[in-house]
Amino acid sequence: MIIKILLLITIIAVNKAEYVNYRNHKLYRVTPSSDKEVQALLDIKNNNDFLFWLEGVKVGLENRIDVAQEKQELFEKYLSDASIKAELVVDDVQSLIDNQVKRPLVRNTNEYVWDYYQTLDEIYEWMDSFAAAHSTVASIINIGYTAEERPIKGMVIDYKKIGDPYIGVIEGGLHAREWISPATCTWIIKEFLTSNDPGVRSMAEDVVWYIFPVTNPDGYVYSFTDNRMWRKNRNPAMKTSCAQWNLPDDMSVGVDLNRNFDFLWMTVGASSNPCAITYAGPAAFSEQESLALANLINNLSKQGSLLYYLSYHSFTQLLLIPYSHVQGKDVLEADNYADLFEIGIKGMDKLTARHNTTYRVGTSADILYEVSGAGFDWAKGGAHFPLVFLFELRDTGNFGFLLPPEEIIPNNEETMDGMVEMHRAVRSMGYYRGSA
Ligand SMILES: *[C@@H]1O[C@H](CO)[C@@H](O)[C@H](O)[C@H]1NC(C)=O
Ligand SMILES: *[C@@H]1O[C@H](CO)[C@@H](O)[C@H](O)[C@H]1NC(C)=O
Ligand SMILES: [Zn+2]
C-alpha cells in the first residue's frame with residue numbers, strides 16, 4: 001500500500017512540469033549594428049542557451065536576452081568572441097515577475113479592476129457577469145474548445161441590432177506571455193459598454209463587436225502556473241524530444257498561434273520545428289484557436305460587412321499594418337495601405353497626447369521583422385477585412401512582457417484614445433456609411 005502511494009506520488013511529480021524560475025537570470029540589451037553582428041547573434045540564438053525576448057534579429061533592432069546564472073560565462077565568451085556589446089539592464093528577471101504577479105490582499109469580488117493582472121478564471125467570470133449586467137446589448141459567445149478543453153470565449157456587443165451591420169473583431173492574448181493584451185481587451189469591453197465619451201460611443205455603436213480577450217486560454221493559464229515566458233498554445237499533439245536542440249521537451253507542446261493562420265503560412269519568420277518558439281504547426285489552421293476564429297469570421301462575413309480586425313500583442317509600441325512580409329515600396333501590396341497608414345498616424349498622435357507614449361506605424365517587415373501566418377495578415381489577405389491593425393502595446397523593452405501592473409491603466413487609456421481617433425478618421429474617409 002505504501003509502495004503504491006509512493007508510486008502514485010512519483011508519477012504525479014513526473015507528469016507535472018516544474019515551475020520555471022527566473023531567479024538570478026540577467027537581462028541584457030543588445031542592438032546589432034551590422035550584418036556580421038546579426039549573423040553572430042543568430043548563431044548564439046540558435047544554440048538555445050539563452051532566451052531572446054524578440055524573435056527577430058535585425059540591424060538596429062534593440063533586443064533583450066535573458067541569461068541564466070549558470071550560462072553567464074558562456075554568454076560573455078560568445079559576446080567577446082564576436083565583439084558584440086551588451087548592456088546589463090536587469091539583475092534578476094524573477095524580481096520583475098514577482099512584482100508583476102502581485103495581487104491585492106483584499107479583493108472585492110464584485111469589482112473588476114485593472115490594477116493587477118487577472119487570471120483566466122477571473123476574466124471569464126467577469127465577462128459572464130458583465131454581459132449579464134448589459135444583456136440588452138451584450139452577450140457571450142463560445143467559438144470552440146482548446147486542447148485542454150477550455151472554452152474560447154468572446155463578448156458580442158450589438159447596440160443597433162440591424163440587418164447587414166458592420167462587424168469588428170478584436171483578438172487578444174494569442175501569445176500567452178503578453179499579459180497586457182487581455183488586460184487591454186477587457187478594458188475595451190468596459191469602455192464600449194459604459195463610457196459616456198462621444199468618440200467611444202460612436203466606435204462602440206457603429207459596429208457589432210466580437211471581442212476575444214484571451215484567444216490562447218491554455219497558454220495564458222500555463223504562463224501563470226508553470227512558465228511566465230510561455231508563448232505558444234499547449235497542444236500536445238506534436239510532443240517530441242527537444243534534446244538535440246538543447247531545449248526541454250516541454251517546448252514541443254504547443255504551436256505559435258500567430259504563425260498558424262492560412263496566409264503565406266510557413267514562408268518566412270516561422271519554424272517547422274515543434275520545439276521552436278515560433279513553430280507554425282503541422283499545417284495552417286491545425287489549431288483549434290486559430291481555426292475557431294477563422295470559422296467565426298467566415299460565418300460573420302455572411303451576416304454583415306467585415307470592417308475591423310484589431311489584434312493586440314506586446315511589446316515594442318508599434319502599430320503594425322499588413323502585410324508582415326513586405327517592406328519599402330512593396331507595402332502597397334495591401335490595397336489601402338495609404339489609408340491604413342494615415343489612420344494609424346492620426347490614431348497614434350492622439351495616443352501620444354495622453355501620456356507621451358510614442359508608437360511607430362508601418363509593416364512588421366519595415367519596423368519590426370518579417371513574419372508569415374499571422375492572424376491579422378490572414379484577416380486582410382484571406383478574409384478581406386478593409387481595416388486591419390496590430391498593436392504591439394507597452395513598453396519598448398525595459399520591462400517587456402513583465403510590464404508592471406501600475407502601467408496597465410495608463411496603457412489602456414492611451415490605447416483607447418488612439419482607437420477612438422482611428423475610428424474618427426475611418427468615418428471621415430468613408431469606410432463607415434451608416435446613419436449616425
Ligand atoms: C459557424 O457556422 C456554422 C453553421 O451555422 C456553425 O455550426 C458553427 O458553430 C459556426 N462557428 C463559429 C465559430 O461561429
Ligand atoms: C515626451 O517623450 C519624449 C521622448 O519620447 C521626450 O523627449 C519628451 O521630453 C517627453 N515630454 C514630456 C512632456 O514628458
Ligand atoms: Zn505577440
Side-chain angles (χ1 to χ4, degrees), residues 52-56 62 64 139-146 151-156 167 169-185 208 210-216 219-220 223 229-233 254-261 269-270 277-280 285 287-304 306 310-320 324 348-349 351-360 364 368-369 371-377 383 389-398 400-403 410 414:
F52 283 55
W53 276 11
L54 292 185
E55 297 316 317
E62 195 177 284
R64 296 289 189 288
S139 58
I140 294 292
I141 184 173
N142 172 10
I143 56 170
Y145 287 87
T146 63
I152 304 159
K153 233 188 231 200
M155 179 84 95
V156 185
I167 289 168
V169 173
I170 288 182
E171 158 251 282
L174 263 189
H175 287 147
R177 63 192 176 185
E178 299 165 8
W179 284 5
I180 188 61
S181 164
T184 305
C185 294
V208 178
Y210 289 77
I211 306 179
F212 299 88
V214 192
T215 47
N216 176 8
Y220 188 67
S223 72
M229 287 300 170
W230 195 256
R231 168 179 167 105
K232 303 194 278 184
N233 74 357
V255 168
D256 183 341
L257 294 174
N258 212 32
R259 302 291 182 276
N260 187 243
F261 286 73
I277 197 163
T278 54
Y279 176 46
F285 290 140
E287 302 311 296
Q288 292 308 312
E289 297 86 346
S290 46
L291 182 63
L293 275 171
N295 286 342
L296 168 77
I297 287 164
N298 285 333
N299 286 0
L300 295 178
S301 69
K302 291 164 202 138
Q303 295 163 23
L306 302 181
L310 305 175
S311 177
Y312 293 81
H313 288 255
S314 75
F315 58 99
T316 48
Q317 291 173 200
L318 305 173
L319 184 71
L320 300 181
S324 300
M348 296 308 97
D349 279 352
L351 182 153
T352 302
R354 172 76 77 140
H355 297 296
N356 199 30
T357 309
T358 52
Y359 272 59
R360 288 184 296 139
S364 190
L368 191 58
Y369 44 79
V371 307
S372 62
F376 85 125
D377 283 331
F389 296 96
L390 185 152
F391 287 78
E392 291 283 2
L393 299 163
R394 285 194 188 194
D395 58 9
T396 55
N398 288 343
F401 310 116
L402 308 179
L403 193 71
E414 69 199 10

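Owing to the predicted nature of the structure, the values given are computational and were not obtained by experimental measurement. Whatever order the structure lists them in is the order used to number ligands and atoms, beginning at 1.
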Atom pairs and distances, ligand 1 N/O vs protein N/O under 3.5 Å:
| residue | atom | partner | partner atom | Å |
| --- | --- | --- | --- | --- |
| ligand 1 | 2 (O) | Asn299 | OD1 | 3.0 |
| ligand 1 | 2 (O) | Asn299 | ND2 | 2.2 |
| ligand 1 | 11 (N) | Asn299 | ND2 | 3.1 |
| ligand 1 | 14 (O) | Asn299 | ND2 | 3.2 |

Donor-acceptor pair between Glu55 and Thr278 side chains, under 3.5 angstrom: no
Salt bridge (charged side-chain N to carboxylate O under 4.0 Å, His left out) partners for Glu392, two or more places apart: none
Under 3.5 Å: donor-acceptor pair, side chain of Thr215, backbone of Leu174: yes
Contact atoms of ligand 2, heavy-atom distance to Asn356 under 4.0 Å: 1 (C), 2 (O), 3 (C), 8 (C), 10 (C), 11 (N), 12 (C), 14 (O)
Test item: Ser364 side-chain N/O and Tyr369 main-chain N/O as donor-acceptor pair under 3.5 Å: yes
For Gln303, all residues meeting side-chain hydrogen bond (donor to acceptor under 3.5 Å, both in side chains), sequence neighbours excluded: none
Distance in Å, Ile297 CD1 paired with Glu171 CD, rounded so as to fall on 0.5 Å steps: 8.5 Å
Ile180 vs Tyr312 side-chain heavy atoms within contact, under 4.5 Å: no
Within-4.5 Å side-chain heavy-atom neighbours: Thr146 and Asn233: no
Proximity of Phe315 and Phe401 rings by center, below 6.0 Å: yes
Protein N, O or S within less than 2.8 Å of the Zn ion (ligand 3), waters excluded: His175 ND1, Glu178 OE1, Glu178 OE2, His313 ND1
Heavy-atom check, side chain of Tyr210 versus side chain of Ile143, under 4.5 Å: no
